[in-house]
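Encoded as structure tokens, the structure appears first; notes follow it.
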Amino acid sequence: RRVNYSIKHLLVDAHGDFNKTIEWITENQDPKLVCHPIVSIVTDMVWTRVAFRTFLYGKAWFLFTLIVFICSQAIMNHLNAGDGSGSGSVSGSASVRLLASDTNSTSGSSSSEGAHTTDLPTEVRIAIFICRCFIYVCSMGQWVIYHVK
């Protein structure tokens, strides 16, 4: 026997907004209802036409900001870390990182013992600043706007 279903009301409510039917079906936790062919068609349609692109754009943006963060915090910050002693030992300048308060307490230590951001060339420091500004404004600013709304 033939049955006609209207899936419009599963997607759009009376005001033209996105309907909460899929959310209600999920909250019901009924496997028979979730496996119904019409519910499957509606969820597949929403995923392939709307949610998939948004999901991919969000993940691509996250990966891009993660790469910028790693470059600014880990890679650029330690560019000249191996230029110090050249001994190749584990206790060389690449593995030792002193805080500003530690440099005052160690008497007579050489400046090649710790890799500070003040030892970096100006171009690298400017690049680190630009990357950090990008992270703060574009990535963290996005979440501030999201939580303020």
Side-chain angles (χ1 to χ4, degrees), residues 1-84 88-106 113-149:
R1 162 165 65 143
R2 184 176 176 180
V3 178
N4 292 329
Y5 290 103
S6 176
I7 63 171
K8 175 185 177 186
H9 300 291
L10 293 175
L11 288 174
V12 181
D13 64 0
H15 303 290
D17 297 327
F18 190 71
N19 205 343
K20 295 190 177 203
T21 309
I22 297 172
E23 183 180 335
W24 294 334
I25 291 171
T26 306
E27 289 174 359
N28 194 13
Q29 297 181 353
D30 184 14
K32 286 185 179 181
L33 186 60
V34 172
C35 292
H36 193 275
I38 295 302
V39 175
S40 178
I41 288 172
V42 169
T43 55
D44 287 345
M45 186 184 316
V46 169
W47 175 251
T48 57
R49 294 188 182 177
V50 179
F52 184 65
R53 274 193 212 110
T54 306
F55 175 78
L56 281 183
Y57 289 149
K59 292 300 172 185
W61 177 253
F62 171 73
L63 287 175
F64 178 69
T65 56
L66 180 67
I67 289 169
V68 170
F69 177 77
I70 289 171
C71 286
S72 69
Q73 297 299 108
I75 297 172
M76 288 182 176
N77 206 15
H78 299 289
L79 278 178
N80 70 340
D83 294 343
S89 65
V90 176
S91 63
S93 65
S95 64
V96 176
R97 183 138 178 107
L98 298 176
L99 297 174
S101 62
D102 293 339
T103 57
N104 295 337
S105 64
T106 55
E113 202 171 277
H116 300 288
T117 55
T118 56
D119 296 341
L120 294 174
T122 307
E123 297 84 15
V124 175
R125 291 172 55 199
I126 290 172
I128 291 172
F129 176 75
I130 290 171
C131 289
R132 288 180 183 176
C133 286
F134 173 79
I135 291 295
Y136 289 134
V137 171
C138 296
S139 182
M140 199 168 72
Q142 171 187 357
W143 286 108
V144 168
I145 291 171
Y146 173 76
H147 287 290
V148 167
K149 285 184 179 180

How long is the gap from CZ on Phe55 to CZ on Phe52, to the nearest 0.5 Å? 8.0 Å

By the ring-ring contact (aromatic ring centres under 6.0 Å, His included) test, which pairs, at least two apart or in different chains, include something from residues 11-46? Tyr5-His36

Do Leu11 and Met45 touch side chain to side chain, with heavy atoms closer than 4.5 Å? yes

Quick one: side-chain hydrogen bond (donor to acceptor under 3.5 Å, both in side chains) partners of Thr26, sequence neighbours excluded? none

Applying side-chain contact (heavy atoms from CB on, under 4.5 Å) to Ile130 and not counting sequence neighbours gives Ile126

side-chain contact (heavy atoms from CB on, under 4.5 Å) against Glu123, all qualifying residues, sequence neighbours excluded: Pro121

Residue pair Val124 / Met76: nearest heavy atoms and the distance that separates them: CG1-O, 3.5 Å

Side-chain donor or acceptor of Ser139 paired with backbone N/O of Tyr136 under 3.5 Å: no

Please determine whether the number of non-hydrogen atoms from other residues, nucleotides or ligands lying under 6.0 Å from atom CZ of Phe69 exceeds 12. no

Taking only residues at least two apart or on different chains, which pairs with a member in residues 47-65 satisfy side chain to side chain donor-acceptor pair (under 3.5 Å)? Trp61-Gln142

For Leu10, run the side-chain contact (heavy atoms from CB on, under 4.5 Å) check against Val46, Thr21, Asn19 and tell me which one passes. Thr21

N/O donor-acceptor pair under 3.5 Å between Asp13 side chain and Lys20 backbone: no

Got a sec, which residues hit side-chain hydrogen bond (donor to acceptor under 3.5 Å, both in side chains) with Asp30, two or more places apart in sequence or on another chain? none

How many angstroms lie between atom CD1 of Ile128 and atom CD1 of Ile75, to the nearest 0.5 angstrom? 11.0 Å

